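Some notes on the structure that comes next.
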2 protein chains.
Amino acid sequence: MTLKPRTPVDIRAVAKRAGVSIATVSRAMNGITTVDAELAKRVMRAAEELNYTPNTQARALVSGRSGMIGLIVSEITNPFFPELIQSFEDSAVKRGYEILIGSTNYSAERMMQCVRRMVERMVEGVAVMTFGMDEDLVQQMVERGIPVVSIGPKNSLEGASSLQVDFRRGLHEAVQHLAVIGHRKIAFISGPLSLDSARQRQKAFQEAMSSISTPVPPQFVIEGDHTMEGGFAGAEKLLSLKEKPTAIVCSNDMTAIGVLHAVSGRGLKVPDDISIIGFDDIHMAQFTVPPLTTIRMACSDLATAALDALLHDTAEPMRKFEATRMIPTRLIVRQTSGYPRQHAVKRTKPAAKKTSARPVSAD
Amino acid sequence: MTLKPRTPVDIRAVAKRAGVSIATVSRAMNGITTVDAELAKRVMRAAEELNYTPNTQARALVSGRSGMIGLIVSEITNPFFPELIQSFEDSAVKRGYEILIGSTNYSAERMMQCVRRMVERMVEGVAVMTFGMDEDLVQQMVERGIPVVSIGPKNSLEGASSLQVDFRRGLHEAVQHLAVIGHRKIAFISGPLSLDSARQRQKAFQEAMSSISTPVPPQFVIEGDHTMEGGFAGAEKLLSLKEKPTAIVCSNDMTAIGVLHAVSGRGLKVPDDISIIGFDDIHMAQFTVPPLTTIRMACSDLATAALDALLHDTAEPMRKFEATRMIPTRLIVRQTSGYPRQHAVKRTKPAAKKTSARPVSAD
DNA sequence: ATCTATAACGAAAACCTTTACTGTTACCCT
DNA sequence: AGGGTAACAGTAAAGGTTTTCGTTATAGAT
């Protein structure tokens, strides 16, 4: 045919070298049983010798299977997500898939680009681990027959599996823990309220506070952004309050690290002056100074559950899995939570009178 | 059964709806000028209405351009790399590329899989940011005509661009800084010595120590693994020494965080009892308690330099770029480095109390 | 020995797009 | 007005693989 200066090591080259047809090479490489063992070996050797690597694009084009699974996360620089990615990839690789990562950076536009990318690259499923799903975008993928799993309320999306995270339990445990050791003035720094899960966590916190019959003054609830800077800023605000909290619960560990930085920066002691509780239990939580008490949400559980839902879907695309598996959370007590020194002082000097000036925290 | 109700929204469907040929659709979508503006608009609208997304695999197959650039990193759970990835992706997206991430986890086998993956997916270039290149694997890509950029000694690889990091300068600054404020007993915890860059950093440290005429006892040089655990373990070893260092220089920030944890865990004060210096200046270095003095290696510089080298290559594949741009490093002094209290104390009270209390550290 | 069932392989279609090539139209210049 | 040319649209090939279908060879059964 056409003579080419460069040698494209394609399936034809292997076929030629092994003295068989390209069909046989394909079958041999894919382990199809209807090929003679002897021949298969010859093909393999030829492929080896030529250093042949199949062209995945061509394979995907014809077979309809790209061998990739999409994973959309919020941001890659928040350590929680790399841990999640790692778990997800490990599981995926084990099952013969590669992963395609997209990060939204909390931007709707980037989310759209991610989805588009996934569709274009023909991923065989996508896990939306962004903790605040974009319903219509997810719907778009579902319509194209792509299995989707996301974190969100049960059955919120027709045709997509959903994973629920038991935010309430963890937050309950955290508040209980603080209450038991004497805290009442507990503040909360949330994630960006545009996120579904941030609102959920905040609500769960307030419920937990209700359960210990302690109303939360509005200035004790601050909107953060899941970053260390946000935690720092939030803590600064809280520490400038006339009536300061004795404990700060954060909606993720990065926020807590920011808080820790702010508190220590002011020369305050943790947990003597202020207790801090994080959320996620990222690996680094064990290594902060002091080590962080936090609510663990096992990202490996999340990852494998997501993948299970996805692959269950691909296996039985007719009857959708639509799992609603619940991911547990639980408190891990380390050293940023403790008995509030300020508490004892408070009793003798009821600064509570000042609060009475404020109608909201009057009771 | 192949009973699929899926609607194949391919280029044909768009062509039909717009009443033109598929070639025109292709040209219109790709912004080729030889298509009438009016017609192009019609095509675009048709594509929009059908919610058409081009099949990237097919495009890649015929055009030879996959639109993807590979990025191989060591491990994704070390925060330095997500930051690098972020920068790299930002730059890549700006230039119209997507990125395909691979992580080696310091395993030669995983590195091989990464390379294989990149080749199979037809990436148009790959940046090997693993700080310890695998020459033959890189060579393999070069042979297939894939532009490669890696971190390593100048011109070490024929046909691949290389980026050099000025480890020496940063380490020199760090050691000078410590020397000026009175440190002489300075230890070093390296990365895994299987990594090229780990050896380089270690050597640079020793050179720096030579420059202040202070020999380094062998027990002051410890092999770590770039993890917090490794740093912790290394610090424990150093702190059990009869003659302890007054400062510990770490080959990356994660190691330093582990050291910080160990030191604080023993009730020692930083920097009064021990100074700690990290390497990388990850974002979190600003938020440790106390904030970490560290040697900055700007990952954004690294990322953009890598991408530049790659795209320069693709632009002029004939005359290889083979850049050897030097990435600077410099010391960022925060609060984990300071005047060594022990220095003065040592003279009067030779740490005898600890040895008597703890028989283990007696010798 | 003949026929059938089956295993093994090859030829070719199909996947979806880009792009070189070809054909058509319209316009401009002389 | 006619020829040349520029601008545009369509046809078809190409890209590398999987997979269907058809063919051949082999073995088993009668």
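Chain letters run A, B, ... following the sequence lines, proteins first, then strands; residues in each count from 1. Every value quoted in this text rests on a predicted model; they were computed, and no experiment measured them.
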**OP:** Work out how much the helix from C:dA1-D:dT30 to C:dT30-D:dA1 bends between its end axes, five pairs an end, to the nearest 10 degrees.
**Re:** 40°
**OP:** Tell me, please, which residues at least two apart from B:Arg59 pass salt bridge (charged side-chain N to carboxylate O under 4.0 Å, His left out).
**Re:** none
Original post:
Does A:Glu83 have any salt bridge (charged side-chain N to carboxylate O under 4.0 Å, His left out) partners at least two apart in sequence or in another chain, and if so, which?
Top reply: none
**OP:** Assign each of B:Ile32 and A:Ile22 to its nearest nucleotide of DNA chain C by heavy atoms, then name whichever residue's nucleotide is nearer the 5' end.
**Re:** A:Ile22
Under the side chain to side chain contact (heavy atoms under 4.5 Å, CB included) rule, collect the residues that match up with [X], sequence neighbours excluded.
{"X": "A:Arg27", "answer": "A:Ala23, A:Thr24, A:Ile32, A:Thr34"}
{"X": "A:Ser26", "answer": "A:Ile11, A:Asn30"}
{"X": "B:Met118", "answer": "B:Ile72, B:Leu100, B:Val123"}
{"X": "A:Arg110", "answer": "A:Ser103, A:Asn105, A:Ser107, A:Gln113, B:Gln86, B:Glu89, B:Asp90"}

Original post:
Base, sugar-phosphate, or nothing for A:Ser26, non-hydrogen atoms under 4.0 angstrom?
Top reply: base
Subject >> Upstream residue (5' side of DNA chain D) when A:Ala23 and B:Ala23 are each assigned their closest nucleotide >> reply: B:Ala23
**OP:** Let me have a per-nucleotide readout for nucleotides 22-27 of chain C, 5' to 3', with B, S or -, counting only protein heavy atoms under 4.0 Å.
**Re:** ------
Subject >> N/O donor-acceptor pair, side chain B:Arg27 with base D:dG10, under 3.5 angstrom >> reply: yes
Original post:
Think B:Thr34 has a side-chain N or O under 4.0 angstrom from the OP1 or OP2 of D:dC8?
Top reply: no
Starting at [atom1] of [X] and ending at [atom2] of [N], how long is that distance when rounded to a whole Å?
{"X": "B:Met122", "N": "C:dT17", "atom1": "CE", "atom2": "P", "answer": "15 Å"}
{"X": "B:Ile11", "N": "D:dA9", "atom1": "CD1", "atom2": "P", "answer": "14 Å"}
{"X": "A:Arg12", "N": "C:dG10", "atom1": "CZ", "atom2": "C1'", "answer": "15 Å"}

Original post:
Could you give the distance from OG1 (A:Thr130) to CG (A:Leu137), rounded to the nearest 0.5 Å?
Top reply: 10.5 Å
Original post:
Can you tell me how far the CD atom of B:Glu109 sits from the SG atom of B:Cys114, to the nearest 0.5 Å?
Top reply: 11.0 Å
With [X], which residues qualify under side chain to side chain donor-acceptor pair (under 3.5 Å), at least two apart?
{"X": "A:Arg95", "answer": "A:Asp308"}
{"X": "B:Glu120", "answer": "B:Arg116"}
{"X": "A:Glu49", "answer": "A:Arg17"}

Original post:
Counting only non-hydrogen atoms, which of residues 36-65 of chain B are less than 4.0 Å from DNA chain C?
Top reply: B:Tyr52, B:Pro54, B:Asn55, B:Ala58, B:Arg59, B:Val62, B:Ser63, B:Arg65
